[in-house]
Structures are given as C-alpha cells and as structure tokens.
Amino acid sequence: MTEQVTRATFDEVMVPNYAPAAIIPVRGEGSRMWDSNDKEYVDFAGGIAVTAVGHSHPKLVEVMRDQADKFWHVANVMTNEPALRLAKKLTEKTFADRVFFCNSGGEANEAAFKLVRRHAYLNYGPEKHEIIAFNKSFHGRTLFTVSVGGQPKYKEGFEPTPQGISHCDYNDIEQLKALISDRTCAVVMEPIQGEGGIIPADLEFAKQVRELCDQYNALLVFDEVQSGVGRTGTLFAYEQLGVTPDVLTSAKALGNGFPVGAMLATESAAQSLGFGTHGSTYGGNPMACVIAEAVIDIIDTPEVLDGVKARHKLFVDGLTAINEKYSVFKDIRGMGLLIGAEVVDTYKGNAKVFLNAALEEGLLMLVAGPDVVRMAPSLIIPEADIAEGFARLDKAVAKVVANA
Ligand SMILES: *Cc1c(COP(=O)(O)O)cnc(C)c1O
C-alpha cells in the first residue's frame, strides 16, 4: 500500500536539517516543473545547478532504461564498460590523465583532499600537509570538506575537525603569499565561488595562485562541482581562466540529478592514490556512468556551449530590466548560466524574500548566501521559458517592493 504523504510529513519523520518549501514537486519536463497540486513552475534553479539539460531529458531516460535492463552494480573488484568509457571521455576532453568516480561533490573533494595529503607525504614527507583554501568557499558537508570550506558555521559543534588547514580571502594574492610555505601541500579553490555568493576569480589572481603552487611544490585543486560540465560556457571553467589545475572535482551537473561525482587528476598526482588507499562501493557504478557519458555528449557541443553564452546575456538583460524598474539589486554578476544578483541594503540578509515571492508566482530560483539571488537554469532552457520566467519574476519583485 502507498502511504499518503504531505509536506507536514517532513516535520514528523525527517531529520530537521532542511527547511523545505511548502510545495512538493512531483514531475518535470525540460525547464518546467509541476507540484502535487498540479501548479506549474518555470525552473531557473536546475535543482541546485544540477539539472543542466533539464528534467526527464529523453536521451538520458533512454540510456538509463537500457542500462537498467542490463545490470546496476558490480563491486570494484571488477571494472565496467560505462565507467571506462566515461573516464576515457573525461580524460580526452580535459587536462586530466586519470579519473576516480564517487557519488557526490563532497566525496569528490574528500578524495581530492586525501590525494593531496598523500601526494605530499609520499614525495616530500609528513611535514608537508597544510591545505590552504579561501574564505566563503564551499566544498561539501563531510568533516574534511567543511574543514577546508571557508564557512565556519558549517563546522560549529562538530569539532575536533581535521587540522592543518588555513584560509585567506579570495582574489587577494598578498594574503595567499603570506600563508603559503614549503609545508603547503595544496591550494583549493572554486574558479567561481558558488555558495559564497557567485564571485568569479580574477584572471590575474588565478594565474598567480598557479605560480605560487609551482614555486612551493603544492598541488592546485579546482573544485568545479558547481562550475563544471558546461555551466560557465566551456566544459570546465578552468579553460576560461587560462590556468590548469593538477586535480579537479566534478559532480552536480555531471549526472543531471543522478548521483555521480568524479575527481580528475594528472598522472603524477593520481599515482599517490595507489592500490587500496581509497575507494567507494557505488563509485563508478554503470547506471551513473552511462548517464554522465550521455550528459557530456549532449553538453560538449558548440551549439550548447555557445547557447550558454547567448542565454547568459538574456538572463543579465532580464535582471537588468527588472532592476531598472524596482532598484532591488546592487550587482548582477556571474559566468555563463551561473548568475547572481546581490540585493540592495534594504533587503540585506534577506535575498530569500525574492525566492519565496517567485515561488508563489510559479518560478523556481535559488539564493547564494543571505544577500544574493542565484539562477542556475538548464543550459538548454528555451528562450520562451526564460521570457516567461522573467515575467513571473517581475510580478514577484513588484509584490516584494510593495510589501517593503
Ligand atoms: C554543491 C557543491 C559541493 C558539494 O557537493 P555535494 O554533491 O552536495 O556533496 C562541493 N563544492 C561545490 C563548489 C559545490 O557547489
């Protein structure tokens, strides 16, 4: 028998670590979703920068069904063809020589952070274990990744946390110079900070981070969990920074909603995770890998990637037009289809009011921290859906302003 469930069920049976909206989505198609009352929404959120080719994409449904009929799992004592094909594809299309698969962004980063520690341990000795990361950065919710992440609130009450990690301000090379030393094993950064407020790296800063890493024999880790897989208009954002990392992590859009993560590494970095040093039961499972391969095939084409750049302009124009009417944003920024609009001081700490108002008008959006409205739609969202979404946002913002 199927149990009857409602939003109230959440408050009864779920761990209270989330505060979900009042509505419950039940199906999606492209960039539209419907809730359990059959109300329709335009999707400017993409889950959370995840559904990069929209909901229930027919090609993804097809490859998933095909693989579901074959087999879902083998232990890592065997390999499987979908994993090998996906790894080949990722190494052919990037700087990387080798790939490790897992199930989420946090796990990809956990693998990366273990790798950089072990790489330094094997090549230089245990003294070289310090990791430098940036304030406001987000790298996941495991104990190691909240420790490397630059948002102290995520560590509070979970101490003792892993040690040997320090932080400095993003885009401030002098602070990094003051911290880095021969004890540094890695610098970890997002090419564009996502959860921290949609803050792109300055090109000159990124270049100098790479130079400092080389000078101190530290590995450079790019967390592209949010920025990767076409989100910024290139397959990975590092291509636009003109800086190549030693290790890169991917997840979110990689599975379009099916759980999959990947850590990509150069040959020499990868050699540090020798036989038996790390693993994951589900990592590289054939279901995830056929889907991720199809996602890459769909996204890594000139049409889709150029389309991201064209849509970037439509989103910036849409936000600018709303701002000319209502003056609610002090900055509109981002790369590709990862876009942030920072609210003016009247709404400081309260970007969420726009999210809630939009939801009522039938538009799904996100925030990035307390002050920034975030949009991370499907990379192939139809122009008509963009126009409809902004018409709904206009109504939502008008209501927020009227109630202020
Ligand atoms: C979402 C995110 C993560 C964490 O990914 P999970 O799949 O939630 O573990 C890590 N890094 C960045 C940059 C992210 O945006």
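Just so it is clear, the model here is predicted, and its values are computed rather than measured. Numbering of ligands and ligand atoms starts at 1, following listing order.
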Under 3.5 Å: N/O of [X] near N/O of ligand 1:
X: Gly106; answer: yes
X: Gln226; answer: yes
X: Ala251; answer: no
X: Val225; answer: no

> Should the heavy atoms of other residues, nucleotides or ligands under 6.0 Å from CD of Glu159 be counted, would the total exceed 12?
Replying inline: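 Check passes, neighbour count above 12.
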
> For Lys330, does the NZ atom have more than 12 heavy-atom neighbours from other residues, nucleotides or ligands under 6.0 Å away?
Replying inline: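 Yes, because the 6.0 Å sphere around NZ of Lys330 holds more than 12 heavy atoms from other groups.
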
>> Under a plain distance cut-off of 3.5 Å, with no hydrogens placed, do Asn256 and His57 share a side-chain donor-acceptor pair?
In response: no

> Is it true that the side chains of Gln215 and Glu211 contain a donor and an acceptor less than 3.5 Å apart?
Replying inline: no

Could you find the nearest protein heavy atom to [atom] and give me its residue, atom name and distance?
atom: atom 11 (N) of ligand 1; value: Asp223 OD2, 2.7 Å
atom: atom 14 (C) of ligand 1; value: Lys252 NZ, 2.9 Å
atom: atom 7 (O) of ligand 1; value: Gly105 N, 2.8 Å

List every atom of ligand 1 that sits less than 4.0 Å from any heavy atom of [X], numbering the atoms from 1 in the order shown and giving each element.
X: Glu190; value: 13 (C)
X: Gly140; value: 4 (C), 10 (C)
X: Ser104; value: 7 (O), 9 (O)
X: Asn109; value: 10 (C), 11 (N)

> Closest heavy-atom contact between Glu190 and Glu195?
Replying inline: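 The pair with the smallest heavy-atom distance is OE1-N, 4.5 Å.
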
>> Please find the pair of heavy atoms, one from Ile291 and one from Leu60, that lie closest to each other, and give the distance.
In response: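 Minimum heavy-atom separation between Ile291 and Leu60: O-CD2, 3.9 Å.
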
Is the gap between the ring centers of [X] and [Y] under 6.0 Å?
X: Phe222; Y: Phe236; result: no
X: Tyr282; Y: Phe101; result: no
X: Phe329; Y: Tyr347; result: no

>> I'd like to know if atom 5 (O) of ligand 1 has any protein heavy atom within a distance of less than 4.0 Å.
In response: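 Yes, there is one.
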
> Does ligand 1 have a heavy atom under 4.0 Å from the side chain of Thr249, from its backbone, from both, or from neither?
Replying inline: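 Under 4.0 Å from ligand 1, Thr249 contributes no heavy atoms.
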
> atom 10 (C) of ligand 1: which of Glu195, Arg141, Glu224, His139 has the nearest heavy atom?
Replying inline: His139

